[in-house]
Number of protein chains: 4
Amino acid sequence: MNHRGNRHGRSEEARRSVLRAADDLLAEKGFAALTIEGIAARAGVAKQTIYRWWPSKTDVLLDAYAEDAAEDLTPPDTGNLADDLRGYLISLARYLTGSDAGAVFRALAGQAQHDPALAARLRQDHLTRQRARDRGPLERAVARGELPAGTDLEVLVDRLVGPVYYRILVTGQEVTEDFVDELVTACTSAPSARS
Amino acid sequence: MNHRGNRHGRSEEARRSVLRAADDLLAEKGFAALTIEGIAARAGVAKQTIYRWWPSKTDVLLDAYAEDAAEDLTPPDTGNLADDLRGYLISLARYLTGSDAGAVFRALAGQAQHDPALAARLRQDHLTRQRARDRGPLERAVARGELPAGTDLEVLVDRLVGPVYYRILVTGQEVTEDFVDELVTACTSAPSARS
Amino acid sequence: MNHRGNRHGRSEEARRSVLRAADDLLAEKGFAALTIEGIAARAGVAKQTIYRWWPSKTDVLLDAYAEDAAEDLTPPDTGNLADDLRGYLISLARYLTGSDAGAVFRALAGQAQHDPALAARLRQDHLTRQRARDRGPLERAVARGELPAGTDLEVLVDRLVGPVYYRILVTGQEVTEDFVDELVTACTSAPSARS
Amino acid sequence: MNHRGNRHGRSEEARRSVLRAADDLLAEKGFAALTIEGIAARAGVAKQTIYRWWPSKTDVLLDAYAEDAAEDLTPPDTGNLADDLRGYLISLARYLTGSDAGAVFRALAGQAQHDPALAARLRQDHLTRQRARDRGPLERAVARGELPAGTDLEVLVDRLVGPVYYRILVTGQEVTEDFVDELVTACTSAPSARS
DNA sequence: GGCTAACCGAGACGGTACGTCCAGTCTTCGT
DNA sequence: ACGAAGACTGGACGTACCGTCTCGGTTAGCC
């Protein structure tokens, strides 16, 4: 609505400009240069307004991430398991390495290594949901009979997305189409055992 | 040697107590509370002595990591591929989650998400070497004929260790023996294609 | 009367609880810790209510002072100049150092050193009246012939109360009966010249 | 000397520019607008440098006062008591109302009304010394026989300077030559009793 | 055996950001 | 129309570390 700043709750305008500023500054300067003061200045907001609603800058980022990342990253549904997976893993890799939201995720995942509470929030707020989406193609394949009933889908998800995250977060190797093909071939030809 | 305030190069004692202090403080307080001033105070060393030899606190950690982590994490050589891999992946998981050196690695990997230069140094100094060690069992298996010649060992390594790192760094799920078994079974029954 | 959030003018209850809270907080925590927010919280009143009726916290104090100080400090009328003055100066000293109203006065006088506008208001609202009361015994003494007609009563007042204020506000020396005796003796034996 | 900033003690340059900046800002903006941040900015000094050496802004002022006020305000020695006192009281009034150092004193005296610790320091550091100087002309007059031996000089000092401080700090009335004459006449014709 | 160079500790310095407090303004609801 | 509530911008607070610096002390290695 309008900028209220009164007893009926917080200003939606302030909230939005803070999240936007945090997003922009992260993209421009990186996480190390992201400060509450910087966000406040960029958002045209008083520092106290940020501290009133967010305990720390990572909480701001968590909200910013929720804002602009919620929609994406749902695997396609082509009717064919291998195609679904190939398409999804490629778009996942592009998302993580090439988008602003992906940059926010990487920053949060990095910071989560230093902060167990953040790690817990990140898992609860985002990763659980994402893994549910990740399972979609596999569940459909089971329903179609492409995968044997009783396949351990959790492990299968890890075998598919694990190497992608590993390359992006750890080794820095590129996630190529060939690489994705290998992952998909291995998982569709030798799915994981009974759950 | 002894603490030499002299002209013959740096004090080995100061160097060691700095690395030790950094290690200890990381373990006790976490990365966020790790400061140059804190390390200096704990090590009984002047700040300037740290700045003289290390550009930043992550460089101190990098050295500390090199110090106490160099030896470990060489996969066993049992003569059997699956046993080698199972043993290695379990010990890798224990190392990452349960040891001080693993904690340093996780902190560095986390920080590397915010700092491309650190990421590059981490890869160059440690990850490359570690991946060479990771390839050992696979190379021996190729030599024994357990794996077809021409198998793409890089991808195979990613398929094996990727899910382990993913669970530890991202989802926080436990790396169980069953999970490792699945990874190993999938990779030994359906190895990756021609390199 | 009752608390009227209504259209009938300001709430006398709110006004009183604000002045009372200001008084209490000054006595408890001192001037430095006296804040509008603190007064509002203590008075159970909204900040805006204070800002609506008083421009600043010193204006609140000025009103609080007017409230509980108006009555006192009228010199006695014993029919004898020296007795009047002795009694008055002692009670003045006790008032300034020992009463809540005196504490408010000292705070206001202190603040007036930094704020000429406050100094002007303080003089206009209170000091002028007080000096008129101060002159009472002297005027009666002139009427009785105890003092020569044409004596400069303004200077005489300054010579009597000046040293008392000076000791209390500046040097912190105690105002003893002996000290007051000396002041009175000096002024009754050698009154000031023609005005 | 030079700006050290090392183990051999504080930087004289920083100290001086802080005191100078505090003095200037007090004169320009007044006590209310005098902030540590403002002093630091004006002095070209880091805030921490001020906090390292002074507990509060009033301590800075106390030092600034000591710096530029130590010399002045010694009563003249004309060989005649009345002349000494007249000259001194007039110069005291001019000092308090017209000089930068006097403005600092008035600010400190004002603040001392809110802060007993400051009051104590102000008395100990400055007022005691000043009162010793104040007694000078009276002691010489006793030595010359102008005043009876055994006169209570403390009370006499209060009777002389008390009304001057009172007019300047409290009532705001001007300290005229006539007023000073009256004070001096009263004190030289009717000095205070045995000490 | 004194001179000198390189490194040591200590710690003051100019800065930046922190997280908090309060000032003073505003808007809405309830009475 | 006024009061209670409370969110807002703004600015100073006092603290923690940053990275730089200068100093005096210590200890080789050299003349």
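Residue numbers begin at 1 in each chain, while the letters A, B, ... track the order of the sequences. Just so we're clear, the structure is a prediction, and the values are computed from it rather than from any experiment.
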Worksheet item: Is the count of non-hydrogen atoms from other residues, nucleotides or ligands lying under 6.0 Å from R20(C) atom CZ greater than 12?
Response: no
Out of dA7(F), dC2(F), dG9(E), minimum distance to the side chain of W53(A) belongs to dA7(F)
K29(D) atom NZ is separated from dG11(F) atom C1', nearest whole Å, by 14 Å
Taken to the nearest whole Å, CH2/W54(D) to P/dA12(E) is 13 Å
Whole-Å distance, I39(D) CD1 to dC13(F) C1', equals 13 Å
5'-most contact on DNA chain E (nearest-nucleotide basis), V45(D) vs V45(B), goes to V45(B)
At under 4.0 Å between heavy atoms, what does T49(C) touch on the DNA or RNA strands: base, sugar-phosphate, or nothing?
sugar-phosphate
Readout for nucleotides 17-23 of chain E: B = base within 4.0 Å of protein heavy atom, S = sugar-phosphate only, - = neither; 5' to 3' it is SBBBBSB
Between the CG atom in L34(D) and the NZ atom in K57(D), the distance rounded to the nearest 0.5 Å is 5.0 Å
Distance col, row D63(D):CG vs R16(D):CZ, nearest 0.5 angstrom, shows 13.0 Å
Sorted by chain and residue number, the side-chain contact (heavy atoms from CB on, under 4.5 Å) partners of R106(B) (sequence neighbours excluded) come out as Q113(A), A103(B), I168(B), L169(B)
Could R15(C) and W53(C) be counted as a cation-pi pair, given that NZ or CZ must be under 6.0 Å from the ring centre and within 45° of the axis?
no
Sorted by position of nearest nucleotide on DNA chain F, 5' first, the leading residue of A43(C) and R52(A) is A43(C)
Rounded to whole Å, CD of E13(A) lies from P of dT27(E) at a distance of 13 Å
Notebook entry, point to check: For the side chain of R121(A) and the backbone of H126(A), is there at least one donor-acceptor N/O pair under 3.5 Å apart?
Noted result: no
When rounded to whole Å, the CD1 to P distance for the pair I50(B) and dG11(E) reads 15 Å
Whole-Å distance, R16(D) CZ to dA12(E) P, equals 20 Å
